[in-house]
Amino acid sequence: MKINKTLLCTLLLVPVLAISQPSVDLLIRHARIIDGTGNPWFYGDISIKAGRIREVSRHIDSAGAARIIDAHGLVAAPGFIDVHTHLEGGLFGGILGHPTADNFLFDGVTTAITGNCGGSQTDIAAFFHQLDSVKVSLNVATLIGHGSVREAVMGRDDRQPTPEETRRMEAMVEQGMRDGAVGLSTGLIYVPGTFAHTEEVVGLARAAARYHGVYASHIRNEESQVTQAVEEAINVGRMASMGVEISHFKVGGKANWGRSHETLALVEQARKEGIDVTIDQYPYTASSTNLGARLPSWAIAGTQDSIVSRISNPAIRKKIISGMLAEIRRYQFPDFSFAVVASYGADSTFNGKSITQINRLLGRRAGARQEAETILDMMVKGGAQMVYHSMNEKDVTYIMSYPFNMAASDAGVPVQGKGMPHPRAYGTNARILGRYVRELHVMGLEEAVRRMSSLPAQKFQLTDRGLLRPGYAADLVIFDPELVTDRATFENPHQFSTGFSYVLVNGQVVIEQGKHTGVRSGTPLYGPGYSH
Ligand SMILES: [Zn+2]
């Protein structure tokens with residue numbers, strides 16, 4: 001009787017189970033799966049249900065799948081995490097105004113960490129609320145920026161904070177962490193971050209560390225003082241007992257080419273000491289920032305009015321120019337031809353031209369001194385966003401070979417056709433996979449994927465992303481490693497990367513057969529201190 005009863009139950013249950021077997025939303029079949037750990041690819045299937053990965057295995061039965069993508073011949077990998085972006089807006093447009101973030105999606109990016117270089121929204125809760133109501137195509141995490149906090153409390157003044165101002169800045173950082181920031185960022189070359197002593201940064205880093213945040217820094221100098229600047233960033237981590245991310249790791253200026261061996265040795269030394277330091281990089285020999293970066297920092301303190309009044313005073317102007325010329329002498333650059341305009345509000349015909357070319361166009365005598373005059377005239381008219389060709393390929397490649405280095409575009413969302421932005425906004429990940437993996441063999445494909453997925457997820461504590469694992473968020477990129485290519489160049493930057501056939505964000509297909517579907521399935525990602 002007992003046996004019969006069991007048999008009966010089994011007979012009844014089997015068909016019931018088959019019917020109620022929950023279907024999956026999407027099944028990816030026959031992919032070469034690179035899971036994000038750095039392990040070698042294997043052939044297999046991936047099923048997705050309700051925005052999450054349900055199963056990853058050699059074979060999954062396709063019965064009941066609402067949709068099947070045949071990924072035969074393609075790699076399926078975790079969606080890329082871009083650890084250094086500027087989505088708040090500014091010259092090239094913010095994500096709230098351009099919510100489909102096409103440049104990132106076409107480059108395989110499914111998550112971006114913004115608020116870098118000391119610049120973020122100071123009200124993190126409001127920022128996340130805006131992202132939630134606009135709905136964007138990317139997942140977004142943010143740092144809270146020291147420069148923005150300092151400006152909110154002390155303006156753009158070149159001075160040290162009072163004890164009361166220090167307390168207010170710390171309170172803002174703590175609030176930002178409770179609202180879900182993943183850490184503190186600094187931009188120690190920019191006004192007003194540059195006016196802060198290390199002690200101030202350590203105090204605010206400690207405030208972020210109380211909520212288990214990371215310290216991400218655009219360090220104080222990336223040229224002749226680069227080793228001191230790397231040491232300062234490491235020291236903040238040491239003093240505040242927290243992880244450090246050194247942003248867009250580089251050595252700029254001809255005089256410093258080759259010094260990446262020194263600076264990476266410092267990172268390795270710090271890791272041996274027990275400080276969790278990692279780095280990120282964009283794969284280009286040019287950087288991009290504002291024109292004001294060419295002036296001594298004291299000259300760009302305060303408002304635009306105060307900058308203009310300094311430049312208009314003949315004695316001060318002379319002093320600024322000698323500071324500018326001293327800098328390029330230190331770089332061992334003969335003139336400002338390494339400086340190319342990305343976007344100049346006062347005259348867009350300057351876009352794409354070097355300062356040397358503009359100087360000539362204006363009918364001025366050739367030479368660095370005259371070019372410095374041209375730069376100051378442009379500063380008076382509101383300044384410009386620039387591209388600086390200041391690095392060398394050997395350093396870029398050496399830094400690229402470092403295993404604890406992540407991919408970072410340092411970009412926002414460019415407005416199509418507007419200005420001549422740095423191509424990194426479009427091509428960072430495709431360029432790493434095409435040029436540095438496929439052509440130059442600086443690293444293997446699995447290693448590159450690891451650095452674009454699980455390494456950044458671990459560093460920024462995005463605990464359910466960066467790996468192809470059951471239960472993880474279904475952020476995926478499906479691509480042909482033989483075809484993936486960055487098409488954006490310095491001369492023609494507004495070009496999307498190609499080769500990413502499908503990009504999924506939280507289980508939804510955002511890039512399909514190389515086209516943006518318009519789907520906006522991204523979500524804000526909250527940091528470890530989030531409490532609401
Ligand atoms: Zn930066």
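Throughout, residue positions are numbered sequentially from 1 according to the sequence presented. Side chains included, hydrogens not; waters and symmetry mates left out as well; all remaining heavy atoms used. Indexing begins at 1, ligand by ligand and atom by atom, following the structure's order.
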### Task
Rounded to the nearest 0.5 Å, what's the gap from CZ on F336 to CD on Q357? Could you check?
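Output value for this atom pair is 15.5 Å.
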### Task
Classify the ring geometry between H261 and Y398 as parallel (under 30°), tilted (30 to 60°) or perpendicular (over 60°).
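Plane angle under 30°, so parallel.
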### Query
Which protein atoms of type N, O or S are found under 2.8 Å from the Zn ion (ligand 1)?
C117 SG, H218 ND1, H248 NE2
### Summary
Those residues at least two apart in sequence (or on a different chain) that pass ring-ring contact (aromatic ring centres under 6.0 Å, His included) with Y426 are H494, F496
### Task
Could you tell me which residues satisfy side chain to side chain contact (heavy atoms under 4.5 Å, CB included) with E200, sequence neighbours excluded, listed by chain and number?
H146, R150, Q160, P161, M169, A196
### Query
What pairs with E222 under salt bridge (Lys or Arg N to Asp or Glu O under 4.0 Å), at least two apart in sequence or on another chain?
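Counting only residues at least two positions away or on another chain, E222 forms a salt bridge (Lys or Arg N to Asp or Glu O under 4.0 Å) with K250.
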### Message
Are F500 and F106 an aromatic pair, judged by ring center distance below 6.0 Å?
### Response
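For F106 and F500, the ring centres are not under 6.0 Å apart.
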